[in-house]
Amino acid sequence: MLEEAGSVVALDGSKAWVQTIRKSACSSCEAKSGCGQGVLASISDGKANQVLVDNTLNLNVGDEVLLGIPEDMLVRASFMVYFLPLLTMILSAAATEKWLSVGDGWIALAGGLGLLAGFVVVSLYSRLHSNDQRFCPKMIRSIGRSFLNNV
């Protein structure tokens with residue numbers, strides 16, 4: 001289970017808006033200067049995200065909470081978003097080259113259309129699973145009250 005701490009910023013019926021701040025483990029890594037993840041983390045550190053989750057712990061605005069999402073669901077979603085469009089691009093370009101014997105421009109066009117088709121499949125998959133609770137973060141446990149509410 002991948003976990004992230006956040007703070008409840010608003011309530012919406014039986015759901016809660018939880019704000020998290022992106023953090024990175026890159027500051028303690030030896031390879032941080034030569035790693036693409038480290039570069040991306042340095043760009044996005046400190047930016048807030050808000051996510052709507054079921055308020056299963058009956059928390060109030062200002063409460064701190066630990067959110068979690070199963071690793072296998074994150075891997076599955078990442079595969080769909082990143083790998084599938086690239087795979088359809090490569091397969092359509094390779095198929096065009098092998099079976100149609102056309103020039104490079106047509107192969108590039110076929111690859112672009114394959115990439116677009118991959119994005120369409122990802123969009124359909126996203127719409128199909130938009131209400132699938134397995135892909136939604138869940139409240140794991142309350143951490144306490146935010147220090148901002150005590151001021």
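Sequence positions, counted from 1, serve as the residue numbers for this chain. These numbers come from the heavy atoms of this one structure, side chains and all, not from hydrogens, waters or symmetry mates.
Linking ILVMFWY residues whenever their side-chain heavy atoms come closer than 4.5 Å, directly or via other members, places Val81 and Met73 in the same cluster. The cluster map of Ile, Leu, Val, Met, Phe, Trp and Tyr, joined by side-chain heavy atoms under 4.5 Å apart, puts Trp106 and Leu113 in the same cluster. Under a hydrophobic-cluster definition in which Ile, Leu, Val, Met, Phe, Trp and Tyr are linked whenever side-chain heavy atoms come within less than 4.5 Å, directly or via other members, Val121 and Phe83 are assigned to the same cluster. Ile107 and Leu100 fall within a single hydrophobic cluster, where Ile, Leu, Val, Met, Phe, Trp and Tyr side chains are chained together by heavy-atom contacts under 4.5 Å.
Other residues, nucleotides and ligands contribute more than 12 heavy atoms inside 6.0 Å of the CZ atom of Phe79. No more than 12 heavy-atom neighbours from other residues, nucleotides or ligands sit within 6.0 angstrom of CG on Asp104.
Partner of Val65 under the side-chain contact (heavy atoms from CB on, under 4.5 Å) criterion, out of Ile143, Leu57, Val53, Asn55: Leu57 alone.
In this structure, Ser123 contributes its side chain and Phe119 its backbone to no donor-acceptor pair below 3.5 Å. Although no hydrogens or angles enter the test, the distance criterion places a donor-acceptor pair under 3.5 Å between the side chain of Ser92 and the main chain of Ala110. Looking at Ser7, its side chain never comes within 3.5 Å of a backbone N or O of Gln19 through a donor-acceptor pair.
With rounding to the nearest 0.5 angstrom, the CD atom of Glu4 is 10.5 Å from the CD1 atom of Ile140. One finds the CG atom of Leu115 at 11.0 Å from the CG atom of Leu87 (value rounded to the nearest 0.5 Å). Between the CG atom of Leu2 and the CG atom of Asp72 there is a distance of 10.0 Å, given to the nearest 0.5 Å. Residue Leu59 holds its CG atom at 5.0 Å from OG of Ser142, rounded to the nearest 0.5 Å. Rounding to the nearest 0.5 Å gives a distance of 6.0 Å between CG of Leu74 and CD1 of Ile69. Rounding to the nearest 0.5 Å gives a distance of 10.5 Å between CG of Leu124 and NE2 of His129.
Across all non-hydrogen atoms, the minimal contact from Met1 to Pro70 is SD-N, 3.9 Å. In this structure, Leu66 and Ala5 approach most closely via the heavy-atom pair CD1-N, 4.0 Å. The minimum heavy-atom distance linking Pro85 with Thr88 is given by the pair O-OG1, 2.9 Å.
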- Task: Before giving the answer on side-chain contact (heavy atoms from CB on, under 4.5 Å), spell out for Val61 and Leu11 the whole-Å C-alpha distance, their side-chain angles and the decisive distance to 0.1 Å.
- Result: CA-CA 7 Å; Val61 173; Leu11 298 175; 4.1 Å; yes
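Side-chain contact check for Leu67 versus Met139: some heavy-atom pair is nearer than 4.5 Å.
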